[in-house]
Amino acid sequence: MKEMVISTSRVNCYGYRVLTEGIDIEQYQRNPVLLYMHRRGGDILPIGRVENLRLEGDKLIGTPVFDMNDPFAKQIADKWESGFLRMCSPSLELLEKSTDKALLLSGQTRPTVTRCRLQEISIVDIGGNDDALQLFADGKVLTLSAGSDCEHLPLLQLEKETAEQSANINPNKSNMKKETLELLGLGENATEQEIHEKVKLMKERADRAEQLHLSAIEHAVDTAISEKRVTADKRDHFIQLGKSAGLEALNETLKLMQPARKPTDVITPTAENHEGKQEEVAKLSDLTPDAAEQLKKDNPKEYARLFKAETGLDLAEI
């Protein structure tokens, strides 16, 4: 047998819709009767049952099984299989409805049925819409027509805004949160243009502050290079350090780096202290082998003096 789509969450011709996920099928599955045109009672008997009833995404789907021992039911089965009858319709008992705008779809004029109970399923000739259904409330079928009101599913008043409400609407007013506007220093009635100008001004100030910060970092690094604390090839490295760690941390780092000096600057007195005395001469062993060799080349007398002072040997006698 062909499966049938019993219901979906789309808007029907009466202007409301039923959420598929809110259909309770538990009770119906205990007695899954299949009727014709929702007729029951008296000598009108079910024409079959519905098997494999299930929810698939937004669809309630099932398979009709006809009573082939009933001549009328067999007639309906033949027309169903041959395609002359193609629609089914559920009878649903209304349990809960909602006017929440988040649940409304385009073209919807009545509340959304969020919870209901499936009572029976019928094969029908012409349904009220592509996913035909019959809705019950308080044991009675709801009679709906376009434009008419109903106690259980009244028409929504979505478009009836009062003149007073309309007059209070400012088309330029922003929907931004009050707390955000306060952070920007603006009132809750600030317009989109005012917000744009404020953000633009804040960005310009931030850009200027960033440029000043970068200039200070570059100046600190260039000063360190001129003082021979760092070499020029490390300029970019220390600028990046300043950007990530901050100007203060950069300056502290540069202060810890001693200026580079020639070996002769280390051991040769070139200046006097505030008392007029010469600086103390370093030991030869304080120099690296390369520095000692350079001293021997540049100032052999001083090298010989330091060598003798440290070893007791005279280079001239060796």
Side-chain angles (χ1 to χ4, degrees), residues 1-40 46-67 73 76-139 141-146 150 152-156 158:
M1 285 292 178
K2 299 176 181 178
E3 287 192 332
M4 55 188 179
V5 176
I6 301 164
S7 183
T8 69
S9 297
R10 68 193 298 176
V11 179
N12 59 46
C13 66
Y14 302 115
Y16 71 96
R17 70 191 189 103
V18 177
L19 297 185
T20 304
E21 62 188 25
I23 301 177
D24 181 358
I25 62 175
E26 183 178 354
Q27 178 176 312
Y28 174 78
Q29 286 179 311
R30 298 191 182 100
N31 184 36
V33 295
L34 179 66
L35 306 180
Y36 178 68
M37 299 298 291
H38 299 294
R39 295 175 184 171
R40 54 188 291 267
I47 61 174
R49 66 179 180 272
V50 177
E51 295 183 348
N52 198 22
L53 186 67
R54 65 198 186 278
L55 298 175
E56 284 191 3
D58 188 46
K59 297 177 181 179
L60 176 61
I61 297 175
T63 303
V65 177
F66 296 92
D67 181 2
I76 302 300
D78 290 341
K79 292 185 181 295
W80 179 264
E81 287 301 311
S82 60
F84 290 102
L85 286 174
R86 300 183 179 181
M87 296 193 72
C88 67
S89 172
S91 288
L92 302 170
E93 179 186 1
L94 174 62
L95 299 178
E96 290 181 6
K97 61 181 182 292
S98 172
T99 58
D100 185 352
K101 291 185 178 181
L103 298 176
L104 300 182
L105 299 181
S106 176
Q108 190 168 342
T109 58
R110 298 181 190 272
T112 301
V113 177
T114 54
R115 284 187 61 245
C116 59
R117 184 180 293 112
L118 178 61
Q119 292 188 332
E120 55 92 357
I121 300 172
S122 288
I123 301 296
V124 295
D125 50 8
I126 301 175
N129 57 304
D130 290 343
D131 309 305
L133 54 82
Q134 190 177 59
L135 197 62
F136 284 79
D138 296 337
V141 177
L142 301 187
T143 303
L144 303 172
S145 60
C150 172
H152 295 284
L153 281 178
L155 291 170
L156 298 173
L158 298 178

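A quick note: this is a predicted structure, and the numbers were derived from the prediction, not measured.
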(message) Between Ser89 and Ser122, do the side chains contain a donor N or O and an acceptor N or O under 3.5 Å apart?
(response) no
(message) Give me the atom names and distance for the closest heavy-atom approach of Arg110 to Gln108.
(response) O-NE2, 3.0 Å
(message) Can you list everything that forms a side chain to side chain contact (heavy atoms under 4.5 Å, CB included) with Asn52? Sequence neighbours excluded, please.
(response) Glu3, Arg54, Thr63
(request) Specify the closest pair of heavy atoms between Lys59 and Thr20, including all atoms of both residues, with the distance to one decimal. (result) C-CG2, 3.8 Å
(message) Looking at every heavy atom in both Cys88 and Ile6, which two are closest together, and how far apart are they?
(response) SG-CA, 3.6 Å
(message) Once rounded to the nearest 0.5 Å, what's the spacing between atom CG of Leu53 and atom CE of Met4?
(response) 8.0 Å
(message) Minimum heavy-atom separation for Tyr28 and Gln119, please, with both atom names.
(response) CD1-O, 3.3 Å
(message) With rounding to the nearest 0.5 angstrom, report the CZ to CG distance, Arg86 to Asp125.
(response) 14.0 Å
(request) First locate atom CD of Glu120, then atom OG of Ser91, and finally report the distance between them rounded to the nearest 0.5 Å. (result) 3.0 Å
(request) Enter the distance from Ser7:OG to Leu92:CG here, rounded to the nearest 0.5 Å. (result) 6.0 Å
(request) Begin with the C-alpha distance, continue with both residues' side-chain angles, and end with the deciding distance and a verdict on side chain to side chain donor-acceptor pair (under 3.5 Å) for Thr112 and Ser98. (result) CA-CA 5 Å; Thr112 301; Ser98 172; over 6 Å; no
(message) Between Asp58 and Thr8, is there a side-chain donor-acceptor contact under 3.5 Å, judged purely by atom types and distance?
(response) no
(message) Run the side-chain contact (heavy atoms from CB on, under 4.5 Å) test on Leu103 and Arg17 for me, step by step, so that the C-alpha distance in whole Å, both residues' side-chain angles and the decisive distance to 0.1 Å come before the verdict.
(response) CA-CA 10 Å; Leu103 298 176; Arg17 70 191 189 103; 4.2 Å; yes
(request) Working to the nearest 0.5 Å, report the span between CG of Leu35 and CD1 of Ile47. (result) 7.5 Å
(message) Looking at every non-hydrogen atom in both residues, tell me the closest pair between Leu34 and Val50 and how far apart they are.
(response) CD1-CG2, 4.0 Å
(message) Nearest 0.5 Å, please: how far is OG1 in Thr114 from CG in Leu94?
(response) 8.0 Å
(request) Using atom types as modelled and distance alone, determine if a side-chain donor or acceptor of Asn12 lies under 3.5 Å from a backbone N or O of Gly15. (result) yes
(request) Grab the two heavy atoms, one from Tyr16 and one from Pro111, that are nearest each other, plus how far apart they are. (result) CB-O, 3.3 Å
(request) List in chain and number order the residues that pass side chain to side chain contact (heavy atoms under 4.5 Å, CB included) with Arg115, two or more places apart in sequence or in another chain; answer none if no residue qualifies. (result) Leu95, Glu96
